[in-house]
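Notes to accompany the following structure.
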Amino acid sequence: MVSGLALLAAAAGYAAGVVTVHRRGGWWPGRRVVYWAAGLVLAAAATLRPAAGHAHHDLAGHMTGHLLLGMAAPLLLVLAAPVTLALRALPVRRARTLARVLRSGPVHVLTHPLTAATLNAGGLWLLYTTDLYPAMAGHDWLRTAVHVHIVAAGYLFTAAMVGVDPDPRRPARPVRAIILIAFLAAHGILAKFLYGHPPAGVPAADAQAGAELMYYGGDLVDLALIAVFCRQWYDATGPARRGPRVPASRPVRPLWRLPKDIGADGEALPRSG
């Protein structure tokens with residue numbers, strides 16, 4: 001119930017932001033709306049029935065929820081640029097207040113890739129190597145708190161790696177690449193550890209199925225994250241490819257060009273005269 005209301009509020013808030021931007025004469029990319037909607041759908045699939053009910057009974061079902069809620073959904077939600085949308089949709093005074101909060105020291109520490117990776121990977125190790133996982137079965141509030149941490153930590157980590165929202169103090173890409181590799185290693189090692197060391201009360205066969213899902217399913221999402229990271233790095237290295245992460249106005253793209261205007265490499269030739 002709480003998860004459903006939170007997802008509806010997130011959908012309504014984003015839609016209100018898009019409508020406000022368009023009413024002011026601005027523009028918001030349609031693909032960002034698709035990213036946000038798809039991210040919320042994946043989060044709903046992980047937290048609402050029947051998937052949520054299945055996750056209460058076995059580790060494989062729980063791990064499916066972890067992959068959707070903590071990895072796939074955050075990647076889509078981050079690419080939807082909700083902070084940029086809020087800055088454009090809010091009244092000027094509130095937008096400035098939000099900008100000051102985002103530039104504050106505590107937020108800088110919280111959104112640093114090292115902090116985000118520690119919260120994300122550390123939370124998973126704490127969940128599966130202590131009595132926290134079996135305790136979730138008997139306490140709804142604890143299960144809700146764990147879900148909130150999983151999606152929040154996943155979002156922070158993904159935003160720190162490939163965020164498209166403004167963050168002038170985001171570390172350089174080589175630093176982020178090193179942290180990303182370390183996180184991937186911690187995630188993979190935890191999956192292998194679970195394979196041979198099930199949480200208390202989890203049968204060995206169930207633990208092995210959950211560990212394999214975490215290892216191979218996590219690799220698929222990580223490949224998408226790495227692809228986005230490398231594409232952003234490639235774009236940043238070419239002056240012609242640089243530009244605003246989320247343009248304020250619709251990019252002008254000609255419907256067609258004459259053959260004489262196109263060079264052998266496919267790029268437009270400079271006009272003479």
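Because only heavy atoms are used, hydrogens play no part in the values below, and waters and symmetry mates are left out as well, while side chains stay in. Values in this document were obtained by computation on a predicted structure and should not be read as measured data.
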Problem set entry | Chi angles and distances behind the side-chain contact (heavy atoms from CB on, under 4.5 Å) call for Val162, Arg231 | CA-CA 10 Å; Val162 298; Arg231 175 59 190 269; over 6 Å; no

Exercise. If you group Ile, Leu, Val, Met, Phe, Trp and Tyr whenever their side-chain heavy atoms sit less than 4.5 Å apart, what else falls in with Val92?
Worked result: none

For this session: Begin with the C-alpha distance, continue with both residues' side-chain angles, and end with the deciding distance and a verdict on side-chain contact (heavy atoms from CB on, under 4.5 Å) for Arg32 and Thr84.
Result: CA-CA 11 Å; Arg32 304 288 177 189; Thr84 301; over 6 Å; no

For this session: May I have all residue pairs that pass side chain to side chain donor-acceptor pair (under 3.5 Å) and include part of residues 7-26, sequence neighbours excluded?
Result: Tyr14-Trp28

Problem set entry | Verify same cluster id: Tyr35, Val19 (apolar side-chain graph, 4.5 Å) | no

For this session: Kindly determine whether Arg31 and Val33 satisfy side-chain contact (heavy atoms from CB on, under 4.5 Å), including the steps that lead there.
Result: CA-CA 5 Å; Arg31 70 177 185 280; Val33 179; over 6 Å; no

Exercise. Distance from His149 atom NE2 to Leu132 atom CG, nearest 0.5 Å?
Worked result: 9.5 Å

Seminar exercise, completed: Between Ala86 and Leu98 the two heavy atoms that sit nearest each other are CB-CD2, 4.0 Å

Exercise. Which pair of heavy atoms, one from Ala207 and one from Pro198, lies closest together, and at what distance?
Worked result: CB-CB, 3.4 Å

Per-pair distances, 0.1 Å, donor-acceptor, side chain in residues 102-119, under 3.5 Å, sequence neighbours excluded:
from, atom 1, to, atom 2, distance (Å)
Ser104, OG, Val101, O, 2.6
Thr111, OG1, Val107, O, 2.7
Thr111, OG1, His108, O, 3.4
His112, ND1, Leu114, N, 3.0
Thr115, OG1, Val109, O, 2.7
Thr118, OG1, Leu114, O, 2.8

For this session: To the nearest 0.5 Å, tell me how far Ile150 CD1 sits from Leu124 CG.
Result: 6.5 Å

Using residues 65-81 as the side-chain source, report each donor-acceptor pair under 3.5 Å to any protein atom, sequence neighbours left out, with the distance given to one decimal.
from, atom 1, to, atom 2, distance (Å)
His66, NE2, His187, NE2, 3.4

Exercise. Is there a side-chain contact (heavy atoms from CB on, under 4.5 Å) between Leu7 and Thr47 once you walk through the steps?
Worked result: CA-CA 10 Å; Leu7 293 171; Thr47 56; 4.0 Å; yes

Exercise. Between Val228 and Val175, is there a shared hydrophobic cluster once you connect ILVMFWY residues whose side-chain heavy atoms come closer than 4.5 Å?
Worked result: yes

I'd like a table of donor-acceptor pairs (distance under 3.5 Å, sequence neighbours excluded) in which one partner is a side-chain atom from residues 211-227, with atom names and distances.
none

Problem set entry | Smallest separation among heavy atoms of Ala60 and Asp206, with atom names | N-OD1, 3.4 Å

Exercise. Taking only residues two or more places apart in sequence, or in another chain, which ones meet Arg96 in a salt bridge (charged side-chain N to carboxylate O under 4.0 Å, His left out)?
Worked result: none

Exercise. side-chain contact (heavy atoms from CB on, under 4.5 Å) with Val41: which residues, sequence neighbours excluded?
Worked result: none

Problem set entry | Distance, nearest 0.5 Å, that separates CG of Asp165 from CG of Leu87 | 7.5 Å

For this session: Could you tell me whether the side chain of Arg173 reaches within less than 4.5 Å of the side chain of Thr237, counting heavy atoms only?
Result: no

For this session: Step through the shown structure and confirm whether more than 12 heavy atoms of other residues, nucleotides or ligands are within 6.0 Å of CZ on Arg93.
Result: no

Exercise. How many angstroms lie between atom CZ of Arg176 and atom CD1 of Ile179, to the nearest 0.5 angstrom?
Worked result: 9.5 Å

Exercise. Mind checking what makes side-chain contact (heavy atoms from CB on, under 4.5 Å) contact with Pro199, not counting sequence neighbours?
Worked result: Leu59, Tyr133, Leu194, Val202

For this session: Taking side-chain contact (heavy atoms from CB on, under 4.5 Å) as the test, write out the residues that go with Val34, two or more places apart.
Result: none

For this session: Answer with yes or no whether the hydrophobic clustering places Leu156 together with Trp36; edges join I, L, V, M, F, W, Y residues whose side-chain heavy atoms lie under 4.5 Å apart.
Result: no

Exercise. So if you build clusters from Ile, Leu, Val, Met, Phe, Trp, Tyr with side-chain heavy-atom gaps below 4.5 Å, do Phe157 and Ile181 land together?
Worked result: no

Problem set entry | Spatial distance of atom CZ (Arg100) from atom OG1 (Thr97) [nearest 0.5 Å] | 4.5 Å

Exercise. Quick one: does Tyr128's side chain get under 4.5 Å of Met63's, heavy atoms only?
Worked result: yes

Problem set entry | Residue pairs, two or more places apart or on separate chains, that pass ring-ring contact (aromatic ring centres under 6.0 Å, His included) and touch residues 189-211 | Trp125-Phe193, Phe193-His197

Exercise. Partners of Ala37 by side-chain contact (heavy atoms from CB on, under 4.5 Å), sequence neighbours excluded?
Worked result: none

Problem set entry | Counterpart residues, side-chain hydrogen bond (donor to acceptor under 3.5 Å, both in side chains), relative to Thr130 (two or more places apart) | none

Exercise. Applying the 4.5 Å side-chain criterion to the ILVMFWY set and letting contacts propagate, would Leu85 and Val83 be lumped into a single cluster?
Worked result: no

